[in-house]
Amino acid sequence: MLDIRSIRQEPDKYKAGLSRKGVDPSKVDELLQIDADWRSALTEVERLKSVRNTASENIGRKKKQGEDASADIKQMKEVSDAIKALDGSVRDLDAKLQDMLLSLPNIAHPSVPDGASEEENVPLRYIGDKPNFSFEPKPHWEIASDLDIVDFERATKVTGTRFVIYKGLGAKLERALAAFMLDYQTEKNGYTEMFPAFIANDTSLIGTGNLPKFGDEMFKLEGLPYYLIPTAEIPLTNYYRDEILEASLLPVKFAGYSSSFRSEAGSAGKDTRGLIRVHQFQKVELVKLVLPENSYDELESLVQDAADILDALELPYRVIEICTGDLGSKETKKYDLEVWLPAAGTYREISSCSNFEDYQARRANLRFRREDGGKPEFVHTLNGSGLAVGRTVAAILENGQQEDGSVRIPKALVPYMGTEVIERRKA
RNA sequence: GGAGUGAUGGCCGAGUAGGUCGAAGGCGCUCGCCUGCUAAGCGAGUAUACGGGCAAAACCCGUAUCGAGGGUUCGAAUCCCUCUCACUCCGCCA
């Protein structure tokens, strides 16, 4: 959520910022008009309340002394009615203002490149060597089916399309990757391991910015204000919601493992096969709550924390900077890590690392205090995948595949897998 | 799921025949005094949000906040309704 007071002071800055995000700048004028109406109504109702408060004190005093106060009471009844009416419009205007503020996107950091769509994202660096195959590399779903380690068909029977069931060493690979990622981020990068609930309430989803605008991307529990979390970002960022943290606690660094549920409305036809786009996948999510002045440095280190996993797993990838046109609604700046998938010959997103500045903190009322007696300030929040497990499985299968159909396990993962190779199952 | 009890400031804890209560008292914390050091003692201070005074800071004024929301009333921490949460007992379960 944007700061209404800043918008009042520098409307032009916000108009420019919002139009970079594709919002009609006249929204700002509309917003300021409602804000002005709200404030004038508020000033008036507060004036009336002040009148009422002093009058009520007088009435109390008179009654205590046995004097007649019925005239005052009669007069105050009118004031009270006026207050009631005006209070209603103050509330309506405020609700309207909040709704508008909640649905406005964050504005991009000046360093973010302009661009209309993902076509204009900027690749920053390419890391690792792509494997050279002396044979035609197979897509991961074929490898997985041949090895009998992921069952796509039966998952569709048991649940529905775009669900998967891992089996045997596939299931173990999922577990091994999650354990490896959590161990790495907690032991090497200083994160605190978290295991959240996979269901969050609507207030939390408003806090992170998924509601009110993106409700149709999530699975909602019928008849309840609960949603299956689309990412562990929701519970982790909301963990300290409505609290004032001591500055010494910052930066807070959480590494949370969870399933992520995406209804992916409107994505029909894209990535219909394999592990890339499914309704439920597992992910280790990194969340940071930091001092405002540090958040861009923290974003850089967050990207590296996520990239560490790809480095350790010897997977080739690139880092790209997201342009304004592809930047999500909540983010001020974002980098994606894209892993190489040889069968398709493309890079695919495997981690997305973003700074939200105080956009989420303001919604979630997530603050800190620099010193005793200091004013509470909003923290800056960041998050990034470290990494998405399903896509990592896909990358390991495709990059590690061998001519005989077996798959080589990255060295770092061998202790977790207990084997260096996933062999074709003996028929 | 059934029955009961409760929810007050950073913490503990007063406060219900509605009236000057943002809220006694204590603890903690901050500053000052005192003091070989520490402790004790003495004095002062110590919530948040929003609006206004101003373009800002300090400061001042106003409004709101005693779990949340609504209601009664000139006036609600105190009365009524709904909800949420916590605890205890019973039931059930991993």
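All values below were derived from every heavy atom in this structure, side-chain atoms included, with hydrogens, water molecules and symmetry-related copies excluded. Every chain is numbered from 1 and lettered A, B, ... according to where its sequence line falls, protein lines coming before strand lines.
At the heavy-atom level, A:Q9 lies under 4.0 Å from the strands shown only through sugar-phosphate atoms. Within the 4.0 angstrom heavy-atom criterion, only backbone atoms of the sugar-phosphate kind lie near A:L42; the bases stay farther away. Looking at heavy-atom distances under 4.0 Å, A:R47 makes no contact with the nucleic acid at all. Contact annotation for A:K62: no contact, since no heavy-atom pair falls under 4.0 Å across all strands. Residue contacts for A:K63: at a heavy-atom cut-off of 4.0 Å it reaches a base atom on one of the strands shown.
The nucleotide whose nearest atom lies closest to any side-chain atom of A:K49 is, among B:G52, B:A64, B:G75, B:A64. Which of B:A49, B:G51, B:C74 sits closest to the side chain of A:P376 comes down to B:A49. For A:N53, taking side-chain heavy atoms from C-beta onward, the closest of the listed nucleotides B:C74, B:A64, B:G52 is B:A64. Candidate nucleotides B:U48, B:C74, B:A64 were compared by shortest atom distance to the side chain of A:I73, and B:C74 ranks first. Considering only the side chain of A:E46, B:C50 comes nearest among B:U48, B:C74, B:C50. Which of B:U63, B:C50, B:G75 sits closest to the side chain of A:W38 comes down to B:C50. When distances are taken from the side chain of A:M76 to each of B:C74, B:U20, B:G52, the shortest belongs to B:C74. Checking B:A49, B:G51, B:A56 against every side-chain atom of A:R367, the shortest atom distance belongs to B:A49. Closest contact between the side chain of A:R5 and the listed nucleotides B:C50, B:A64, B:C74 involves B:C50. Among the nucleotides B:U63, B:G19, B:A64, the one closest to any side-chain atom of A:R52 is B:A64.
Between A:S50 and B:U63 there is a side-chain polar atom (N or O) within less than 4.0 angstrom of OP1 or OP2. The phosphate of B:U72 (OP1 or OP2) has a side-chain N or O of A:K84 nearer than 4.0 angstrom. At least one side-chain nitrogen or oxygen of A:S80 sits closer than 4.0 Å to the OP1 or OP2 atom of B:G75.
Taking the side-chain hydrogen bond (donor to acceptor under 3.5 Å, both in side chains) definition, one finds that A:T159 meets it with nothing, sequence neighbours left out.
Tested against A:F163, the residues A:H279, A:K157, A:R154 include a single side-chain contact (heavy atoms from CB on, under 4.5 Å) partner, A:H279. The side-chain contact (heavy atoms from CB on, under 4.5 Å) test with A:I396 singles out one residue from A:N399, A:T392, A:V393, and that residue is A:T392.
The backbone N or O of A:P230 sits less than 3.5 Å from a side-chain atom of A:R262, completing a donor-acceptor pair.
Under the 3.5 Å distance criterion, with hydrogens and angles disregarded, no donor-acceptor pair is assigned to the side chains of A:Y184 and A:D305.
Taking atom P in both B:G25 and B:C33, the straight-line distance is 25 Å, to the nearest Å.
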